[in-house]
Amino acid sequence: TGGVITIDPGYKNTGSCESGITFLDGEKGILRYRGYSIEELAEKADFLEVAYLLIFGELPTKEQHDKFHADIKKQSVVDDDVRKIVDAFPKSAHPMGVLSSLTSALTAFNPSSVNVDSEEDMYNSVVKILGKFPVLVAWTLRKKHGLPLDYGDNNLGYVENVLKMMFKQPNQEYVQNKVIVDALDKLLILHADHEQNCSTSTVRIVGSSHAGLFASLSAGISALWGPLHGGANQAVLEMLEAIKEDGGDTKKYMAKAKDKNDSFRLMGFGHRVYKNFDPRAKIIKTSADEVLGDLGVEDPILDIAKGLEKEALEDSYFVDRKLYPNVDFYSGIIYRAMGIPTDMFTVMFALGRLPGWIAQWREMRLRKEPIGRPRQLYIGETHRSFVPMSKR
Ligand code: SDX
């Protein structure tokens, strides 16, 4: 009615929340996990160390790190019936849809993971999913490529084991490539958490109804799938490929991105929070040069990406709207150099974001937060009386 809108200030949980896990400053391009800068963590820590930091709040001692990894290894198998679910999917199924379904299905095989009244129950659910999720990631890839659904090797490091499960070929010895292991470890750290983004907010709000951790994570995976969110890393590669096929004419695509009558957006650009460079994008861009150089990969797509970035940073449309490359702009180029198929890029994002989702879910449960219930601004019809159909 155009009147004054008052929202009860005492109303709890209107969709925003207090959290002590990740700090972002969008204007200054700052990202910190539990107070540690992303630059330092990407350079000096490993992914499991960062997972422990995000979930429990402190960098682990060696003993804590080793026990955490040992507890995770004990959980690195899934019920054999899960294979039947994987087999039931068509090969054409998008890996994110398969992964979300398999993650939710884990509840059926681990019913105790739903009631987490004690911190011990919570810890058991956390190590279960950290142990089983890499198996689901690998099986999602292997299903598409008709490869046997194997297990990994518990003598390996966490990231080494992920790569071996994904890429080991039948009857062939799998040889680790340290460049790829280190690059993936860094990429997973860079994706590990990001405050209250779309998928993390989904995990928190589903978890706030006391649905189990696995069901909450499954919902988060579905949210991440979208091309405006984690699905952007796949969309970036598809966009760069299209530009390459179109003769590398970046100006044409810049014009499309600025045309209000064209739904095309420059994928990998812009961010809801960062109105400066996404600090992760800077690190990934440097890493892309290093990894492709170390692997001896010449990829014209990287040159097209750099040309597009240069043009956008000099174009008033992008500068005025503070549209900079985000985490998704360069990550796919590295995944591609590693031999990861394009439709698995967002699955790799989910693998990286897993500890962040877990940490945010655990914080919400430990703080005994009320069920999420965002309010709305009603903009519909005012009250009116029913009209019989004969009179409509
Ligand atoms: C992630 O939240 C997180 O933290 C997410 C994430 C994480 O780690 O969890 O960082 C991961 O999701 C990164 C974002 C990946 N998505 C993309 O790269 C998709 C392309 N980007 C956009 O769709 C967009 O920039 C968003 C969705 C990322 C942000 O959207 P906003 O903040 O809602 O921006 P907006 O829609 O309000 O746009 C503001 C203006 C508009 O123009 P005007 O109406 O002012 O004329 O900027 C334009 C938009 O049209 N714009 C773009 C653009 N992004 C915004 N124009 C062209 N290309 C783009 N990419």
Side-chain angles (χ1 to χ4, degrees), residues 15-17 19 21-27 29-33 38 41-42 50 54 96 187-204 217 220-240 242-243 250-285 305 308-309 311-313 315-333 345-357 359-360:
S16 60
C17 71
S19 174
I21 298 171
T22 292
F23 171 76
L24 294 190
D25 181 322
E27 291 305 323
I30 294 172
L31 169 57
R32 297 186 195 127
Y33 296 161
I38 192 63
L41 292 170
V50 170
L54 285 167
M96 285 295 276
L187 280 169
L188 296 178
I189 289 172
L190 293 170
H191 287 83
D193 194 47
H194 212 242
E195 202 221 61
Q196 304 311 315
N197 57 84
C198 177
S199 54
T200 300
S201 303
T202 302
V203 170
R204 283 185 82 119
L217 293 172
I221 294 165
S222 296
L224 187 72
W225 190 357
L228 294 188
H229 190 10
N233 58 15
Q234 175 178 343
V236 166
L237 251 292
E238 289 162 353
M239 172 186 74
L240 294 172
I243 295 172
T250 49
K251 289 199 182 334
K252 174 180 166 187
Y253 287 82
M254 290 282 289
K256 280 172 65 69
K258 298 187 283 187
D259 178 356
K260 286 300 159 205
N261 299 317
D262 191 325
S263 61
F264 175 79
R265 282 196 154 184
L266 219 48
M267 301 313 278
F269 267 79
H271 198 276
R272 180 52 62 83
V273 175
Y274 288 126
K275 299 308 173 189
N276 192 322
F277 247 91
D278 180 334
R280 302 167 296 176
K282 283 186 189 172
I283 298 169
I284 293 176
K285 180 181 177 182
L308 206 53
E309 176 188 11
E311 280 188 50
L313 296 182
D315 185 300
S316 59
Y317 173 94
F318 288 86
V319 174
D320 295 350
R321 289 168 178 79
K322 300 185 176 180
L323 301 177
Y324 294 93
N326 59 49
V327 67
D328 294 304
F329 189 61
Y330 283 105
S331 56
I333 293 166
F345 290 177
T346 313
V347 168
M348 303 316 290
F349 193 146
L351 179 64
R353 186 53 51 90
L354 181 63
W357 285 334
Q360 300 269 349

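Both ligands and their constituent atoms are indexed starting at 1 by order of listing.
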Pairs of nitrogen or oxygen atoms closer than 3.5 Å, one from M267 and one from ligand 1: do any exist? no
Quick one: does Y33's side chain have a donor or acceptor within less than 3.5 Å of a partner on G356's backbone? no
Heavy atom under 4.0 Å from ligand 1: found in T200's side chain, backbone, both, or neither? neither
Is the closest N or O pair between R265 and ligand 1 shorter than 3.5 Å? yes
Check N326 against ligand 1 and report side chain, backbone, both or neither, counting heavy atoms closer than 4.0 Å. side chain
To check your reading of the model: name the closest protein heavy atom to atom 45 (O) of ligand 1, its residue, and the distance in Å. R321 NE, 3.6 Å
Taking only non-hydrogen atoms of K260, do any sit less than 4.0 angstrom from ligand 1? yes
Numbered atoms of ligand 1 (with element) below 4.0 Å of N197, judged on heavy atoms: 2 (O), 3 (C), 4 (O), 5 (C), 9 (O)
Value for OG1 (T200) from CD (Q360), rounded to nearest 0.5 Å, stands at 5.5 Å
Expected output: side-chain D328 to main-chain G268 donor-acceptor under 3.5 Å: no
Sidechain-backbone polar pair: D278 side chain, N276 backbone, donor-acceptor under 3.5 Å: no
Side chains of L313 and P325 in contact at under 4.5 Å (non-hydrogen atoms): yes
Yes or no on side chain to side chain donor-acceptor pair (under 3.5 Å) for T250 and E311, after CA distance, side-chain angles and deciding distance? CA-CA 8 Å; T250 49; E311 280 188 50; 2.4 Å; yes
Considering non-hydrogen atoms of the protein only, which is the closest contact for atom 13 (C) of ligand 1, and what is the distance? D328 OD2, 3.4 Å
In the complex you have, is atom 37 (O) of ligand 1 within reach of the protein, judged by whether a heavy-atom distance drops under 4.0 Å? no
Taking the six-membered ring for Trp, are Y274 and H194 parallel (under 30°), tilted (30 to 60°) or perpendicular (over 60°)? tilted
For atom 29 (C) of ligand 1, which protein heavy atom lies nearest, and how many Å away is it? R272 N, 3.9 Å
Pairs of nitrogen or oxygen atoms closer than 3.5 Å, one from L266 and one from ligand 1: do any exist? yes
Taking distance alone, with no angle check, do F269 and ligand 1 share an N/O pair under 3.5 Å? yes
Which word best sums up how the rings of F277 and Y324 line up, parallel for under 30°, tilted for 30 to 60°, or perpendicular for over 60°? tilted
For ligand 1, which atoms have a heavy atom of A232 less than 4.0 angstrom away? 15 (C), 16 (N), 17 (C), 18 (O)
Should you measure from each heavy atom of A257, which atoms of ligand 1 turn up under 4.0 Å away? 57 (C)
Rounded to the nearest 0.5 Å, what's the gap from CG on L266 to OH on Y317? Could you check? 9.5 Å
Would you say atom 5 (C) of ligand 1 touches the protein, meaning some protein heavy atom is under 4.0 Å from it? yes
Enumerate the atoms of ligand 1 whose separation from the nearest heavy atom of R353 is less than 4.0 angstrom. 7 (C), 8 (O), 9 (O)
How does R280 reach ligand 1, if at all, at less than 4.0 Å between non-hydrogen atoms: by side chain, backbone, both, or neither? side chain
Quick test: of every protein heavy atom, which one is nearest to atom 28 (C) of ligand 1, and how far off is it to 0.1 Å? G270 O, 3.7 Å
Do Y317 and ligand 1 have an N or O pair less than 3.5 Å apart? yes
Nearest-0.5 Å distance, CD of residue Q234 to OG of residue S331: 11.5 Å
Pairwise distance CZ(R204) to OG(S199) - rounded to 0.5 angstrom: 12.5 Å
Protein contact to atom 10 (O) of ligand 1 [nearest heavy atom, distance to 0.1 Å]: H271 NE2, 2.6 Å
dist M267:CE -> L228:CG (nearest 0.5 Å) comes out at 6.0 Å
Do any heavy atoms of H191 fall under 4.0 Å from ligand 1? no
Specify the protein heavy atom at minimum distance from atom 12 (O) of ligand 1: its residue, its atom name, and the distance to 0.1 Å. H229 ND1, 2.9 Å
Examine distances only and state if a side-chain atom of T202 and a backbone atom of C198 form a donor-acceptor pair shorter than 3.5 Å. yes
For atom 52 (C) of ligand 1, the closest protein heavy atom turns out to be L323 CD1, 3.6 Å
Under 4.0 Å from atom 34 (O) of ligand 1, do we find at least one protein heavy atom? no
Interatomic distance, CZ@F349 vs CG@L190, rounded to 0.5 Å, equals 10.5 Å
Do any nitrogen or oxygen atoms of L228 lie less than 3.5 angstrom from nitrogen or oxygen atoms of ligand 1? yes
Is there a donor-acceptor pair closer than 3.5 Å between any side-chain N or O of T346 and the backbone N or O of W225? no
Which residue and atom name correspond to the protein heavy atom nearest atom 18 (O) of ligand 1, and how close is it? G268 N, 2.8 Å
